[in-house]
There are 2 protein chains.
Amino acid sequence: MKIDPASPADLSAQIAKAIRDAIISGELIVDERLPSEAELSEQFGVSRSTVREALKRLAAQSLIRTQRGAFGGAFVNRLSYADAYGQQITTSTLLLSMNEVRFETACEARFALERACAPLSAERRSADHLATMRAEIFRQSQPGLTDEAFCASDVAFHRALVDGAGNPVLSYQLAGAVEAMQPLMNMITFSARSREQIVGLHTRIADAIHVRDGAAVCTGLCELERYTVGLARSIMEERARRGT
Amino acid sequence: MKIDPASPADLSAQIAKAIRDAIISGELIVDERLPSEAELSEQFGVSRSTVREALKRLAAQSLIRTQRGAFGGAFVNRLSYADAYGQQITTSTLLLSMNEVRFETACEARFALERACAPLSAERRSADHLATMRAEIFRQSQPGLTDEAFCASDVAFHRALVDGAGNPVLSYQLAGAVEAMQPLMNMITFSARSREQIVGLHTRIADAIHVRDGAAVCTGLCELERYTVGLARSIMEERARRGT
DNA sequence: TCAATTTTCATTGTCAGACATTTAAAAGTC
DNA sequence: GACTTTTAAATGTCTGACAATGAAAATTGA
């Protein structure tokens with residue numbers, strides 16, 4: 001782990017990169033303790049504050065965790081699925097909100113990925129996954145639900161579908177796509193009529209999952225995508241008309 | 001943006017969270033300048049070093065960028081697709097390397113997601129995408145290629161396939177899945193015979209893309225998955241035998 | 001008048017030193 | 001042997017200082 005002493009700026013970024021590379025390459029292994037801040041500042045020939053800034057960068061990526069007290073210090077963190085989920089959701093959400101992604105584009109990506117899980121989920125889902133889907137459908141059919149709660153339940157329904165595939169890597173990859181859509185979905189006002197339609201499509205999907213018919217799940221997801229995109233478009237047009 | 005003054009530890013994490021939430025909620029918009037470090041330290045009632053640690057956390061997530069000099073400062077960064085790619089690849093790579101994910105699991109996720117792109121890519125791919133795929137196939141058939149170079153070309157081939165769908169959100173989501181597999185793939189030694197097989201399957205996929213036959217692309221990807229998993233398994237068994 | 005140059009100064013980057021706080025191990029006590 | 005106290009190492013925070021940067025403002029020169 002070395003840094004370039006010739007460029008006196010961005011030292012903390014260089015140090016963070018050096019340590020990050022050491023972790024990625026396996027030079028530093030999980031739960032291994034890094035040298036103390038004082039030792040690192042000596043090794044790199046910089047002040048303790050600079051080292052601290054570097055460590056905070058790594059902490060922001062969940063690459064290390066710190067513990068205070070004697071025998072404490074910075075430890076290489078095992079990146080858990082939960083941590084990775086969180087980061088991916090944050091990144092995906094910001095990516096969508098900052099880059100004027102069209103609703104159709106995001107929607108297409110989300111449903112395409114979800115359809116990839118459908119056959120696996122139909123085959124492997126447990127009774128638990130199916131029960132969760134049914135429960136969320138029931139919640140979605142309750143009157144008096146806010147749009148936000150409806151969307152949250154929608155996410156939970158699709159999460160159950162994805163998790164049914166029993167592949168944590170797939171669940172992780174999908175988490176971003178599904179959850180990041182929620183802010184966009186929250187902008188849609190769901191009428192009683194449209195909720196009824198969506199609940200109907202969810203029921204069809206759950207039924208297909210029930211009988212382990214992957215192709216039917218895909219078909220259901222396709223229709224749901226078409227309906228969602230159409231709904232969003234009509235609402236946008238409505239708003240544009242009222243705006244002018 | 002407020003922090004809890006009652007908990008005197010992890011102040012920089014709290015401040016980072018406050019600013020991050022302000023960015024996510026839209027309270028701070030892209031390219032907006034944050035108050036200077038001195039002003040922030042006054043606002044939050046902490047020292048400048050604490051503020052700086054918070055800002056470094058945000059910089060590590062590409063949420064802000066800083067500029068030195070008068071009229072410089074920290075600015076809300078537009079999260080570009082490139083930045084998001086990079087973060088996703090790092091996260092996915094570490095997730096796979098630190099969590100003893102079975103090769104089959106990662107492979108299944110990767111090919112399932114890729115098959116999701118296949119119909120879209122068959123339909124929309126440009127001549128450019130197809131040309132890239134053909135070029136990578138040609139490179140893969142060259143003798144004397146290192147295993148690393150072969151894998152890199154493999155990634156490029158699949159990237160072209162994914163990008164052919166013309167959906168940047170999809171490309172972003174897939175980047176992690178495809179690239180994060182590379183270190184695992186690099187552990188496989190490709191014999192001349194297996195390379196020939198893979199090139200053959202790639203050619204079939206490219207041919208299907210050529211005639212815009214999405215279903216055939218899916219079939220080709222399925223076979224490629226089966227072959228890859230089988231190859232990895234036999235190599236692992238071989239190593240285990242030699243190891244004992 | 002206008003372009004080129006110099007100066008100014010707000011801001012980030014880095015450093016050094018100090019003290020507070022935490023925490024597990026070590027030492028002491030009953 | 002179990003409990004309490006002490007110790008020391010480590011992170012967390014604060015203060016104050018100086019260096020480096022870079023755009024705006026002021027100055028200069030034709």
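Residue numbers begin at 1 in each chain, while the letters A, B, ... track the order of the sequences. Small disclaimer: the values here were computed from a predicted structure and weren't measured.
Among the nucleotides D:dT13, D:dT11, D:dA20, the one closest to any side-chain atom of A:Arg68 is D:dT11.
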Scan nucleotides 15-17 of chain C against the protein and return all N/O pairs shorter than 3.5 Å with their distances rounded to 0.1 Å.
unit_1, atom_1, unit_2, atom_2, d
C:dC15, OP2, A:Ser47, N, 2.9
C:dC15, OP2, A:Ser47, OG, 3.2
C:dC15, OP2, A:Thr50, OG1, 2.7

Pairs: protein N or O with nucleotides 3-9 of chain D N or O, under 3.5 Å:
unit_1, atom_1, unit_2, atom_2, d
D:dA9, N3, A:Ala70, N, 3.1

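Between B:Met181 atom CE and B:Thr228 atom OG1 the span is 8.0 Å, to the nearest 0.5 Å.
When the C1' atom of D:dA10 is taken as reference, atom CZ of A:Arg65 falls 15 Å away, rounded to whole Å. One atom, CD of A:Gln14, and another, P of C:dG13, lie 13 Å apart when rounded to the nearest Å. For the pair B:Glu37 CD and C:dT14 C1', the computed distance is 11 Å after rounding to whole Å. One interatomic measurement links the two molecules: CZ of A:Phe75 to P of C:dT23, which rounds to 13 Å at whole-angstrom precision.
Between B:Thr66 and the phosphate of C:dT11, there is no side-chain N or O to OP1/OP2 separation shorter than 4.0 Å. Side-chain N/O atoms of B:Arg52 include none lying less than 4.0 angstrom from OP1 or OP2 on C:dT12.
For B:Glu42, the CD atom counts as loosely surrounded, since its 6.0 Å shell holds 12 or fewer non-hydrogen atoms of other residues, nucleotides or ligands.
In this structure, B:Glu108 pairs ionically with A:Arg124, as a charged nitrogen and a carboxylate oxygen lie closer than 4.0 Å. Remark: B:Arg139 engages B:Glu136 in a salt bridge, criterion side-chain N to carboxylate O under 4.0 Å.
Between B:Tyr172 and B:Tyr85, the two ring planes are parallel [angle under 30°; tilted spans 30° to 60°].
Evaluated for a side-chain contact (heavy atoms from CB on, under 4.5 Å) with B:Leu34, the options B:Ile19, B:Val51, B:Thr66 yield exactly one hit, B:Ile19.
Judged by a 6.0 Å distance limit and a 45° cone about the ring axis, B:Arg110 is not positioned over the six-membered ring of B:Phe103.
When all heavy atoms of A:Gln43 and A:Pro35 are compared, the pair lying nearest together is NE2-CG, 3.7 Å.
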Salt bridge (Lys or Arg N to Asp or Glu O under 4.0 Å) assessment of A:Glu32 paired with A:Arg65
CA-CA 11 Å; A:Glu32 184 171 341; A:Arg65 61 177 186 279; over 6 Å; no
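Between A:Gln67 and A:Glu53, the residue anchored nearer the 5' end of DNA chain C, judged by the nucleotide with its closest heavy atom, is A:Glu53.
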